[in-house]
2 protein chains.
Amino acid sequence: MPKKNHNKNGSVTLKEVAAELGVSAMTVSRAVNNSPNVDVKTKKRILAKVKEMGYTPNLVAKSLVSSKTFTVGVVIPEISHSFFPDVVRGIEEVLDSKEYQILLTNTSDNFEKEKKVIQALKSKRVDGILISSSLTTDDFSFYEELINSGIPIVFFDRCIENLGASCIKVNDQAATQQITEHLIKLGYKKIGYLSGPKNVSIGKARFDGFNMAMIKNGLAIDEKLIVENGYNEKGGYDAMNELLMLPEKDRPRAIVAVNDPVAFGAMDAIKEANLRIPEDIAIVGFTNDIRAKLVTPPLTTVNQPAYDVGKKAASKLIATIQEKGDLVENVELITSLVIRESCGSQLKN
Amino acid sequence: MPKKNHNKNGSVTLKEVAAELGVSAMTVSRAVNNSPNVDVKTKKRILAKVKEMGYTPNLVAKSLVSSKTFTVGVVIPEISHSFFPDVVRGIEEVLDSKEYQILLTNTSDNFEKEKKVIQALKSKRVDGILISSSLTTDDFSFYEELINSGIPIVFFDRCIENLGASCIKVNDQAATQQITEHLIKLGYKKIGYLSGPKNVSIGKARFDGFNMAMIKNGLAIDEKLIVENGYNEKGGYDAMNELLMLPEKDRPRAIVAVNDPVAFGAMDAIKEANLRIPEDIAIVGFTNDIRAKLVTPPLTTVNQPAYDVGKKAASKLIATIQEKGDLVENVELITSLVIRESCGSQLKN
DNA sequence: TTGTACGCGTTATCAA
DNA sequence: TTGATAACGCGTACAA
């Protein structure tokens, strides 16, 4: 005779435990949840039976009653791009300590997919969502509606600002300005810029930083030296090859890349053209990717504290979830310049 | 007067939509789920109202009824170690196409945490779990019970085999044997091994492969040249330093590292000791980490198809979830040797 | 074509 | 201290 410990799903319920003991489901519930008003002896009996039968509380049912899932959605453009795993690590660290878990989604830098996964996260009733957005248009209506719907949202890295959600990122504009000015101080004048889509927040902020540096230092911004492509290696490779097709006299002597992967792609293109870095073309990036110090020559870049971005974003989201009156803030974490060899060290011209 | 579109959670229910339209909840349900038996005109009215009110189906309630969450747990030792993001990418690719999502957990290589997160995943009633285990003892009782409880499990990379769950990994033993024999063919005889904990499946398999190569080629296995530590850079660094404390004549002339991060740590230690790679000490790894081709000298290693491991594991899990009669299998994906410079190229001695 | 009743597993509430 | 009941939001099974 098979034991009747299980319902159709193979999982034991409160009611089944209760039946075995001749008590009510409520009493079992109270025992399991450490409620005060349970007789010590019945509690003992119950917990023993719970263990024996392998009862596991059904959080789905609990969530239906409480409207809490203890699950947070995380929306990321590309989990295999080295910045994001470290962010996720920071997020996980904080959420785990609060007994939350991560529903991880990858958008492949595709806004349509981003909308789709966020819809799914809403359906699953996550308690909040952390988003690094791939939106590349000026149409913010999707996020306006999302935020107005009341679900706690915190953006990180790639933010959609001023819509009522907090945002955790780094000082993208100032840092890009700073690293561009580093090139300028070294004597470079013809500086090109490899951009990602500028409607992504970091795209605009970093580009503004580049322009600011050029303008403040009285340098000409040559539209031909500004190329926009994707945020990955291939984007950098293709963009750089476009610049390399310019007549030699028009080519930039230095390159500011919107991030390290783009810089890596560009370095490959430069080397394939049999040009030297930094002697022929200097280059700087942004991220301090794990590979930045390993490439040849090592890449001058901006160190972006990925782990801290993740921790801060998760903390902010938890605060937003728990205290309804929690402030909306834009937090900028501080970066630092990492000078290596790809930018050269002597005055040039 | 505030609209009464919302219940206490701010989310609209079927019943609320129904009330607005003077129909029953069931009719709305049918319209939303494309059931055949709904009048075209009422369906149109309903869908319009659904959109207007921002109704989002409550999957928590649906899951309670159906015992399906369309969520899969993923248990990973360390998400920031470069092998795993690529695995996750593969998992995500497959799951997304089946409309499943990932509940991602990080165990920090800690089995106690592993048990805790798996318990949480069970409580959340995930439809299945993908696990790369950090178990370092011979006590498999936790996994025996888990698998016997009936929840679909697929292990990947770090497997617990022969307990009734499928396992997707690479040919760890054969590949380690092969890369060790590559060193032997180059003329190395005193070969050291930097191991991770050997109760982790890959720890044992790779160590066996190393031993097999040595024995088959009639080389002595010197216990002093075998050091066990963690699976990360620090583990490799510390282990290598232990070897470097040996008298110079006892030191290994070549090193097989259990994975690339360990190899990187070891390379740092070797360089700090002012020894040359490969002239003084040759080294090989396992993974083909993104950094392997960038370090100095570039690391000879085994290419491990992380993305494919993820895809295969996810496919297998979905099959296990959907077809109760699906076979338990151990799948070994094929690796390939990547010869670079860290192993040298001439006969030595 | 549409509606009613019931149950999924749990807890809040009130009664005993 | 314990139990009965209702409710969370939805869909199945049936009835109208």
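Side chains included, hydrogens not; waters and symmetry mates left out as well; all remaining heavy atoms used. The chains referred to below are lettered A, B, ... by the order of the sequence lines, with proteins before strands, and numbering in each begins at 1. As the structure is a prediction and not an experimental result, all values here were calculated from the model.
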Stacked cation flag A:K51 on A:Y55, 6.0 angstrom / 45 deg: no
Members of residues 41-51 of chain A that approach DNA chain C, where some heavy atom sits under 4.0 Å away: none
Distance below 4.0 Å between B:S24 side-chain N/O and C:dT2 OP1 or OP2: no
Parallel, tilted or perpendicular: ring planes of A:F84 versus A:F156, cut at 30 and 60 degrees: perpendicular
Polar side-chain atom of A:D96 near backbone of A:E92 as donor-acceptor pair, under 3.5 Å: no
Verdict with reasoning, A:I118 to A:V75, per side-chain contact (heavy atoms from CB on, under 4.5 Å): CA-CA 8 Å; A:I118 289 174; A:V75 179; 4.0 Å; yes
Ion pair B:D109/B:R158, N-O distance below 4.0 Å: yes
Whole angstrom value for the distance that separates P of D:dG9 from CE of B:M53: 13 Å
Sugar-phosphate, base or nothing in reach of B:V23, heavy atoms under 4.0 Å: sugar-phosphate
Value in whole Å for how far the C1' atom of C:dG3 lies from CG of B:D39: 15 Å
For B:I79 against A:R89, the heavy-atom pair lying closest together: CG2-CD, 3.8 Å
Nucleotide-resolved protein contact map, nucleotides 10-16 of chain C, B/S/- at heavy-atom distance under 4.0 Å: BBB----
Test log, rule side-chain hydrogen bond (donor to acceptor under 3.5 Å, both in side chains), inputs B:N33 and B:S35: CA-CA 6 Å; B:N33 294 292; B:S35 286; 5.9 Å; no
Lys/Arg cation over aromatic A:Y307: A:K311, 6.0 Å, 45° cone: no
Ion pair check, A:D39 and A:K44, cut-off under 4.0 Å: no
A:E112/A:K116 ion pair, N-O < 4.0 Å: no
Option passing side-chain hydrogen bond (donor to acceptor under 3.5 Å, both in side chains) with A:K124 (candidates B:N58, B:T56, B:T71): B:T71
Distance in angstrom units between B:N34 CG and D:dG11 P, rounded: 12 Å
Nearest-angstrom distance from the residue atom CG of A:L64 to P of C:dG9: 12 Å
Degree of bending, the helix from C:dT1-D:dA16 to C:dA16-D:dT1 (end axes from five pairs; round to 10°): 50°
